[in-house]
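Working notes, beginning with the structure itself.
Side chains included, hydrogens not; waters and symmetry mates left out as well; all remaining heavy atoms used. Below, chain A is the first sequence line, B the second, and so on; all start at residue 1.
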Amino acid sequence: MKVPVSIQINGRLYESEVEPRKLLVHFIRDLDNLTGTKVGCDTSQCGACTVLLDGVAVKSCTCLAVQADGAEVTTIEGLAQNGELHPLQEAFWNKHGLQCGFCTPGMIFASHELLRTNPDPTDEEIRHGLEGNLCRCTGYQNIVRSVREAADIMNADTQDGGEG
Amino acid sequence: MSSKIFGSGIRRREDPRLVTGGAAYTDDITLPGMVYAAMLRSPHAHARIDDVDVSAAAAAEGVLAVYPGADTEDALQPVPTAWLLPDSDLQVAPYPAIAKDTVRYVGDIVAVVVAESRYQAYDALDLIAVDYDPLPAVTHPQQATEPDAPQLHEGISGNQALHWTVAGGDIDAAFADAEVVVKERIVQQRLIPNAMETRAAVAQYRQASGELTFWNTTQNPHIARFICSAVTGIPEDRLRVIAPEVGGGFGSKIAVYPADFVTIFCSMRLGRPVKWTETRSENYQATTHGRDHVQEVELAATKDGKITGLRCTVWAGLGAYLSTAAPGIPTILHGLMLSGVYDIPAVKEDVFGAYTNATPVEAYRGAGRPEATFMLERLVDKLANELEMDPAEVRRRNLIPRFEDGHDVITGLTYDSGDYPAALDKLLDHAGYDDLRRQQAEARNEGRYLGIGLSTYVEICGLGPSQVAGAIGFQGGLWESAIIRFHPSGKVHVFIGASPHGQGEETTFAQIVASEVGVSPEDVRVFHGDTDNTPMGWGTYGSRTTAVGGAALALTARKIKEKAKIVAAHLLEAAVEDIDYEDGNFFVKGSPDRGKTIQDIALMANVSWDMPEGVESGLEASTFYDPPNFTFPFGAHLAVVEVHPQTGQVKLERYIAVDDCGPQINPVIVAGQVHGGVVQGIGQALWEEAVYDDSGQLVTGTMLDYAMPRADRLPEIEVLSTVTPSPHHPIGVKGIGEAGTIASTVTVYNAVLDALQPLGVDSVAMPLTPERVWRAIQESGGD
């Protein structure tokens with residue numbers, strides 16, 4: 001009935017036996033208190049559960065744990081490096097890009113994906129890039145500003161020879 | 001530092017934990033031995049329950065228990081409403097936590113399963129066999145009151161939950177003498193609040209001591225404690241409610257719900273911690289909805305645009321049962337705001353609250369006030385059209401002039417302060433209104449349909465005083481409390497009764513304390529949401545947390561300062577009258593260099609080696625603040641849209657908000673509240689609607705079917721403000737949480753209808769979807 005999976009999350013390997021139907025988001029949340037990834041809906045509309053799967057953003061409620069077997073997952077707990085917030089985390093804080101914070105982890109990873117594929121988006125492109133993630137508090141305006149600021153910082157870092 | 005911290009847009013201290021996944025919401029809490037509950041909900045809008053067979057479910061793998069209504073009937077008291085509106089013939093229908101004989105909406109709980117895992121609990125739901133005998137259903141609030149409508153509750157005739165009236169002035173004379181009358185039938189469609197966190201509960205009952213700890217997605221943990229105690233029988237002193245991180249509420253987390261009591265019941269029976277987390281589809285069915293008014297409104301006026309009367313009848317759908325605050329929303333919070341920012345000499349409103357086979361309705365951002373503002377501001381635009389006057393000019397002719405300390409209006413309220421003409425002028429000036437009208441005329445010549453929509457508003461915040469609460473039947477107080485405690489090192493703990501859930505009061509409240517007593521906001525920690533370690537509070541709703549809780553806190557900080565002054569005088573060997581204060585420094589007049597800092601005083605008060613005679617040790621104070629009146633924020637909003645007549649598509653080009661919430665503690669947070677509020681109101685105007693079919697099925701039952709505002713459909717909102725302090729509030733603030741929503745629905749609606757005016761369309765039902773707009777254009781024969 002159960003099948004073995006081995007999934008690396010935030011650099012640490014988790015080996016477990018799961019029911020084939022178990023959603024990746026539940027696998028993540030049930031482990032080690034990694035509850036930063038949120039479940040906001042049951043139809044893949046809200047994007048609160050977005051994580052990186054091998055570096056690409058996925059809605060982890062739309063992915064089975066068994067599909068992530070052998071993959072590397074990054075959740076919001078693993079985004080800051082060496083105690084330093086990722087520029088997106090810093091920018092969401094700077095620009096008041098969150099209120100209740102529930103959509104924020106998913107919103108940050110959707111933004112991460114947008115900047116990975118389009119490092120210098122216009123505001124319109126940012127809005128388009130985030131249309132798969134819902135926020136009920138902010139009206140999105142400060143989220144757009146946050147992504148804009150993060151893009152500027154990451155581009156400046158890249159030009160300075162940093163890792164971006 | 002201190003004098004500048006009030007009004008500074010500092011970053012929120014809540015955010016580091018929220019952007020790193022370090023915050024714990026209710027569903028993030030796991031306890032040893034925890035088991036999981038899942039609710040079986042009625043698929044019928046109205047049906048008799050002939051039989052519930054739980055045997056197969058009870059035998060399923062991992063299942064600990066299955067309880068139908070027969071098991072909870074005696075253990076749980078009926079779910080109460082907390083607003084017993086007087087003079088309204090209020091009929092409170094019995095509201096069982098689990099339905100035993102009859103279900104009355106899709107989502108009514110029929111049984112609960114508790115299992116070792118969430119997956120097992122949901123699997124077992126499918127094994128419960130319920131024999132239903134379906135009954136006819138009614139979900140429309142006006143149809144529910146018609147003679148042949150299906151009846152929901154025995155002994156409640158015509159499904160009428162309440163009939164409430166507000167009247168002032170001579171309304172019959174106003175209409176008899178009217179030179180112009182404009183009328184409208186408006187449907188304020190049902191909305192689904194959609195806080196991004198669904199509801200959840202964790203109940204940990206300790207059978208040995210009879211104590212319950214209850215983590216809950218609530219806006220008001222102390223009210224939840226009070227009501228949970230009444231329903232479950234657990235004494236209030238043994239019941240601890242914790243609202244951990246709460247992911248938005250918008251009114252939908254005010255109510256204490258059947259599923260909350262059922263989760264507690266399960267923990268009491270099983271002696272295990274029990275978690276229940278709502279799915280989103282369940283949230284759509286069972287977490288309270290908003291609005292749902294049918295309004296017939298008429299406005300009387302003179303030929304020169306002076307409004308002389310407003311008369312309306314409102315049918316308000318309340319759903320199958322009365323939710324916690326439901327009776328007060330379409331009445332007190334609606335009818336008392338009828339006259340808005342205008343001097344209107346006569347008003348009358350009849351409100352019929354109706355039971356319907358639909359999800360219970362509660363407060364939803366704005367709660368009664370958007371529905372009132374919409375009626376008035378829509379009819380003002382119709383009046384302008386009728387008189388061929390500019391809508392801004394009609395508004396200007398009726399505005400209450402500037403006042404600083406009280407203005408009585410026809411509904412019986414006394415507004416605290418306002419400068420409505422200034423807000424409107426600022427709006428029109430910033431928008432370039434005359435230019436916009438010119439652009440509109442040019443566009444029309446080119447066959448393009450630009451619309452300009454306006455709305456003014458005034459709203460009630462800071463609900464209080466408690467005497468008023470009693471008079472209007474609210475079964476609680478409306479004061480707030482705060483405790484400030486200085487530690488020896490000068491660090492500060494603040495404990496508040498109010499319970500914010502995304503509004504950022506951990507930051508703004510630290511700013512209040514910092515500005516009053518001269519500490520750094522970094523040194524102030526704000527605790528809320530745990531009934532065991534915070535003083536009593538009446539909750540975060542109605543934009544009251546800063547308006548009432550902020551006042552309690554400011555007054556507490558002033559008590560601290562007074563005591564500190566006495567200690568400083570003693571240490572400086574001076575008379576108290578000779579002590580001056582500036583930015584955290586207490587000093588003898590003229591000698592600021594030789595003062596004592598608030599930190600020095602906190603240390604001395606705590607070690608207490610050398611205190612003035614008769615002065616207690618410690619530096620701590622508390623206040624219970626009962627406001628003398630409501631506060632009345634106000635503003636004026638404008639939207640520019642373009643409507644494409646061939647498709648009915650509405651493009652929102654600009655949105656400008658001028659809001660006056662008094663002095664702003666943190667303008668960045670204020671703007672954030674405006675953005676979010678405006679977008680929620682735009683959602684009602686353009687996209688959102690809870691739709692039931694004739695049998696009472698919720699056909700917009702998932703996020704796939706219910707259209708939430710998305711980032712790519714919105715323009716940048718231009719946020720401006722004016723500042724008119726409340727005369728009765730210690731720091732003058734009024735509240736901002738709901739303002740945007742109150743103004744924006746009708747602003748956008750007016751803009752779309754303004755665009756459609758040349759096409760002969762003067763009414764379209766909300767939401768203004770392309771299809772509806774297109775049909776309206778076709779039916780009018782335009783374009």
Nearest non-hydrogen partners of B:Glu362 and B:Gly251, listed with the distance: CB-O, 4.4 Å
Test of ring centre spacing under 6.0 Å for B:Tyr364 and B:His289: no
Options B:Arg280, B:His675, B:Arg11, ranked by heavy-atom pairs under 4.5 Å with chain A, top entry: B:Arg11
Segment of A:Arg145 engaging chain B (4.5 angstrom heavy-atom cut-off): side chain
Which portion of B:Pro715 sits near chain A, non-hydrogen atoms under 4.5 angstrom: backbone
Proximity breakdown for B:Val668 and chain A, heavy-atom pairs closer than 4.5 Å: both
Residue, of A:Leu134, A:Asp123, A:Leu130, that accumulates the most heavy atom pairs under 4.5 Å with chain B: A:Leu134
Closest approach of B:Pro16 to B:Arg13 (non-hydrogen atoms, all atoms of both residues): CD-O, 3.4 Å
Option in B:Thr198, B:Val679, B:Thr277, B:Leu18 with maximal non-hydrogen atom pairs under 4.5 Å from chain A: B:Leu18
Option in B:Gly502, B:Gly249, B:Gly683 with maximal non-hydrogen atom pairs under 4.5 Å from chain A: B:Gly502
Selection from A:Ile108, A:Thr104, A:Thr43 maximising heavy-atom pairs under 4.5 Å formed with chain B: A:Thr43
Part of A:Leu85 lying under 4.5 Å from any heavy atom of chain B: side chain
For chain A, the option from B:Glu278, B:Gln680, B:Glu245 that forms the most heavy-atom pairs under 4.5 Å: B:Gln680
Which atoms of B:Tyr284 approach chain A - backbone, side chain, both or neither, heavy atom under 4.5 Å: neither
Toward chain A, the part of B:Val674 with a non-hydrogen atom under 4.5 Å: neither
Which of A:Glu124, A:Gln89, A:Lys22, A:His96 touches chain B most, by non-hydrogen pairs under 4.5 Å: A:His96
Between CD1 on residue B:Ile665 and CD on residue B:Glu505, distance to nearest 0.5 Å: 8.0 Å
Among B:Gly740, B:Gly677, B:Pro709, B:Gly504, residue most engaged with chain A (heavy-atom pairs, under 4.5 Å): B:Pro709
B:Ile669 versus chain A, the contacting section by heavy-atom distance below 4.5 Å: both
Region of A:Tyr140 that comes under 4.5 Å of a non-hydrogen atom in chain B: side chain
Side chain, backbone, both or neither of B:Thr279 within contact of chain A (heavy atoms, under 4.5 Å): both
Greatest number of heavy atom pairs closer than 4.5 Å to chain B - which of A:Gly36, A:Gly40, A:Cys100: A:Cys100
Which of A:Glu131, A:His128, A:Arg127 touches chain B most, by non-hydrogen pairs under 4.5 Å: A:Arg127
Heavy-atom proximity to chain A below 4.5 Å, by part of B:Val19: both
Check: B:Pro193 main-chain N/O paired with A:Arg136 side-chain donor or acceptor under 3.5 Å: yes
Interface residue of largest heavy-atom contact number with chain A, from B:Ala671, B:Gly9, B:Ala24, B:Gly21, under 4.5 Å: B:Gly21
Residue B:Asn283 versus chain A: region with a heavy atom under 4.5 Å: neither
Sole residue of B:Gln503, B:Gln673, B:Glu738, B:Arg365 in side-chain hydrogen bond (donor to acceptor under 3.5 Å, both in side chains) with B:Ser543: B:Glu738
Min side-chain heavy-atom separation B:Glu716-A:Gln141 under 4.5 Å: yes
Side chain / backbone / both / neither for B:Arg118 at chain A, heavy atoms under 4.5 Å: side chain
B:Tyr119 ring center within less than 6.0 Å of A:His26 ring center: yes
Any donor-acceptor N/O pair, A:Asn133 side chain to A:Gly106 backbone, under 3.5 Å: yes
Among A:Cys103, A:Cys135, A:Ser44, A:Gly139, residue most engaged with chain B (heavy-atom pairs, under 4.5 Å): A:Gly139
Donor-acceptor under 3.5 Å (A:Glu77 side chain, A:Thr35 main chain): yes
Any donor-acceptor pair under 3.5 Å from B:Lys275 side chain to B:Ile29 backbone: yes
Any donor-acceptor N/O pair, B:Glu116 side chain to B:Gly62 backbone, under 3.5 Å: no
Under 3.5 Å donor-acceptor, A:Gln81 side chain and A:Gly78 backbone: yes
Distance in Å, B:Leu191 CG paired with B:Trp687 CH2, rounded so as to fall on 0.5 Å steps: 13.0 Å
